[in-house]
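Letters go in sequence order (proteins before strands), and every chain restarts at 1.
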Amino acid sequence: MDILSGLNPAQREAVVSTRGPVLIVAGPGSGKTRVITHRIAYLVAEEGVPPWRVLAVTFTNKAAREMRDRVTDLLGQASEGLTLGTFHAVCARMLRIDGGAIGIDRSFAIYDDDDQMTLMKRVLIDIAVDAKRVSPRSILSTISKAKSELTTPAEYARAVSDYFQEIVSRAYARYQQLLEQNTALDFDDLLMRTVQLLSQSEDVRTRYQERYLHVLVDEFQDTNVAQYALAKLLSEKHRNICIVGDEDQSIYSWRSADYRNLLNFQTDFEGAKTILLEQNYRSTQTILDSAQGVIRRNQGRHDKVLWTENDRGLPVTIFEAQDDEDEARFAAGEIAAALRSGERPAGDFAVMYRINAQSRALEEAFMREAIPYRLVGGTRFYQRREVKDLIAYLRLIQNPTDSVSLLRVINTPTRGIGAKAIEELWRWAQNTDVPPYEALRALIAPVRPANGAPPFRAGMLNALVRFIDTIEQVREESLGLTPPELLNTLIERIQFRRYLMDGFEDGEERWANVQELVTVAAQYDALEPREALASFLENVALVSDVDELEQRSAAATLITLHAAKGLEFPVVYMVGMEEAVLPHIRSYDSPEQMEEERRLCYVGMTRARERLVLTHARRRALMGTPVFNPPSRFIKDIPEQLTESRSRSDDFPLDRRSIARAGVLPRPGRVPVSAQDVAAAIGGGERNFQPGERVRHPKFGEGIIVSTRANGGDQEVTVAFKGESGVKRLMVSYARLERHS
DNA sequence: CGCCGTACGGTTTTT
DNA sequence: CCGTACGGCG
């Protein structure tokens, strides 16, 4: 049978075990995507399951796209109708169609984190909490966690046990209320509300449960409570659920993912069949062994025996750079050399890093070396201000109750409606109990409603009337326009081009982005205008970037470790392999987070097919100031015989530029910051600590210096203390730290 | 009200 | 380093 050819016995079993619950534990590079696509093809072609009765959920849109392509390769037209997408996309679709059953208007907007923040700031005003004392961010993230655990505001309120939770509880209630008033859902709502829909409406639940004869979920280790509940609900009738995951690749717990769902699965779905995919087809033995050396140190994991028939291959290179620029120069230099010699095409290379900010140095180096590259993530297209502004206009046109969008556009471009006027408008609308947009509309109503005189002076009234007039006009016209026509009309009416060109240094680039947006919108030309606008907006909300032109072979890839999950490259550079970067400083608080950093490292390493290079820098500019971090602990966990070490020779002369960057040469407003200079500034080097040194503190006890940085002529050290004290950041001149051996 | 300058603070990862 | 918050001016 040709769908099964070329699969090993375990893979084959994973494809043909189509009855009942199945758990596939798939190590990196084990051909798991192939297994899933072949399984879908097998269901359709061999078992005659109609594609529309199959639901396949992936973790990213990109994965969904790739999977769809592969299924189409196997089945052609026969795959038409298959439901394939992320949980969020699948839920959004269900809510558009059936959300009415629990009172969700089908024109709901989807709020991203910016929108959430805007809304939360209003919430804090409404419940009279000072945003400076409690950070809106932390409230939002607490609420998000509650939602992904399916905790409603009422349930949350019942479990409140301290002051912070008390505030969160009030904020949560008000926040949900405002979302509803705005006819908007945030990302967590998409999941939570769908679970509610399925549990509360028997009719809807039965319909979907009947429909989905087979449910497949990829990257199951990254599901949260809500997603797990969805998977369970949707597969309850037929119980043909196949989940694929690997606890060692769980890297999204900060987003409430819980890899224990993998383990719960076996208890929740009795008699689930477990299939292990342990043969690796991707990496050399050396790379695999190195990665295993790192991951093996995690507690409480099930040890897997990954093996490969591939060659041992090259040793893992460990490179010590002087600083982050030097590190970038090294990677770019090697890649450029390989391109020049024709050894490899640019598409073979990927450079991976822990945080997006690290990409800058790399980009500069790549540009200097004229290496074609694509930057994945970073400031994504739909995150750009000018793009978001226009999207907000469209959202407002589609859904006038959306006050977050209204707030965004009411004075963009500036039309003399400032903070004060907005405040008045908000209060006025609230007093008369209508959405702000409706309140504005009352200003141009032929017959003025009797609900209180508008609290604006003549000049302001004028500005507001002009604004609402413009929007209302475009709204009326919108019914007959395609998305690009609508955008162009809008752009012209608000004179957006002039606003961008005159108002910004990089106006040209911003304008180019606007035009790009119009181009993207043209994909929806064929649909009926209202529906076109709706699907355009939904896609904008759920798809984080514009379809990358798949110019794989033409460009090297710069990517975060998180975003690299699921990908593979012949050559991988992992940069910033230092304490405080990977593992990230924020993960020192808890062993769980530290284990996640380890998994992240493992994920990165196992992306490499043939060659893996790990680099660390002695000095790195972080947030403008240099820090000195020792090499990552993860490097030490790689068996030494598998590695080769390289570094710039120790007497490598620092060029003037990097000296200037490090701040050894005095710069206005900055303090001396090289290690030597700090020593000099503080006096005699007595107090100049280096990472790795053992110290004692009168209160916190014994500890070890994790990292150091200069701060206001003083030295700030991060110290990991033994026992309960944990990690502290201390100023050397105040903290009575002693060296200790 | 909008604009400009300066001071300050915060920086992980993403659907 | 960068974006934003805030204060003072036109």
Which ones in residues 218-228 of chain A lie close to DNA chain B, meaning a heavy atom under 4.0 Å from one of its atoms? none

Verify the stacking flag for A:Y252 against B:dT14: centroid separation must be under 5.5 angstrom and the ring planes must differ by under 30 degrees. no

Under 5.5 Å centre to centre and under 30° between planes: does that hold for A:W254 and the six-membered base ring of B:dT13? yes

Quick one: [X] [atom1] to [N] [atom2], roughly how many Å, whole number?
X      : N      : atom1 : atom2 : value
A:L622 : C:dC2  : CG    : C1'   : 13 Å
A:Y602 : B:dT13 : OH    : P     : 24 Å
A:R360 : C:dC2  : CZ    : P     : 4 Å
A:L561 : B:dT14 : CG    : P     : 10 Å
A:I355 : C:dC2  : CD1   : C1'   : 13 Å
A:D188 : B:dT15 : CG    : P     : 14 Å
A:E596 : B:dT13 : CD    : P     : 14 Å
A:I585 : B:dT13 : CD1   : P     : 15 Å

Pairing of A:D326 and A:R329 as salt bridge, 4.0 angstrom limit: yes

What I want to find out is whether A:K147 reaches A:D186 closely enough, with some N-O distance under 4.0 Å, to be called a salt bridge. yes

Kindly indicate whether a cation-pi arrangement holds for A:R618 with A:F628, taking the cut-offs as under 6.0 Å to the six-membered ring centre and within 45° of the axis. no

With sequence neighbours excluded, residues passing side chain to side chain donor-acceptor pair (under 3.5 Å) with [X]:
X      : value
A:S587 : none
A:E363 : A:Y373
A:K145 : none
A:R255 : none

Closest listed nucleotide, where the reference is the side chain of [X] and the choices are [options]:
X      : options               : answer
A:A421 : B:dT15, B:dT13, B:dC1 : B:dC1
A:D113 : B:dC1, B:dT14, B:dG2  : B:dT14
A:T60  : B:dG2, B:dT15, B:dT13 : B:dT15
A:N61  : B:dT14, B:dG2, B:dT15 : B:dT15

For A:R301, which residues count as a salt bridge (charged side-chain N to carboxylate O under 4.0 Å, His left out) partner, sequence neighbours excluded? A:D248, A:D303

With sequence neighbours excluded, what pairs up with A:Y228 under the ring-ring contact (aromatic ring centres under 6.0 Å, His included) test? A:F220

Mind checking ring-ring contact (aromatic ring centres under 6.0 Å, His included) for A:H584 and listing every partner two or more places apart, or none if nothing turns up? none

Strictly under 3.5 Å: I want the nitrogen or oxygen pairs between protein and nucleotides 3-8 of chain B, one per line.
none

Would you say that more than 12 heavy atoms from the other residues, nucleotides or ligands in this model lie under 6.0 Å from the CD of A:E508, or not? no

Sugar-phosphate, base or nothing in reach of A:R385, heavy atoms under 4.0 Å: nothing

Answer with base, sugar-phosphate or nothing: what part of the nucleic acid does A:I417 contact at a heavy-atom distance below 4.0 Å? sugar-phosphate

Tabulate protein N/O versus nucleotide N/O from nucleotides 8-10 of chain C, keeping only pairs under 3.5 Å, one per line.
none

Assuming nearest nucleotide by heavy-atom distance, tell me which of A:A563 and A:G416 is located more 5' along DNA chain B. A:G416

Residue whose nearest DNA chain B nucleotide is more 5′ - A:F187 or A:Q593: A:Q593

Pairs in or reaching into residues 620-630 of chain A: which pass salt bridge (charged side-chain N to carboxylate O under 4.0 Å, His left out), with residues at least two apart or in two chains? A:E327-A:R620, A:E578-A:R620

Suppose we screen for side chain to side chain contact (heavy atoms under 4.5 Å, CB included). Which residues come up paired with A:A184, at least two apart in sequence or across chains? A:A109, A:Y111, A:L179, A:N182

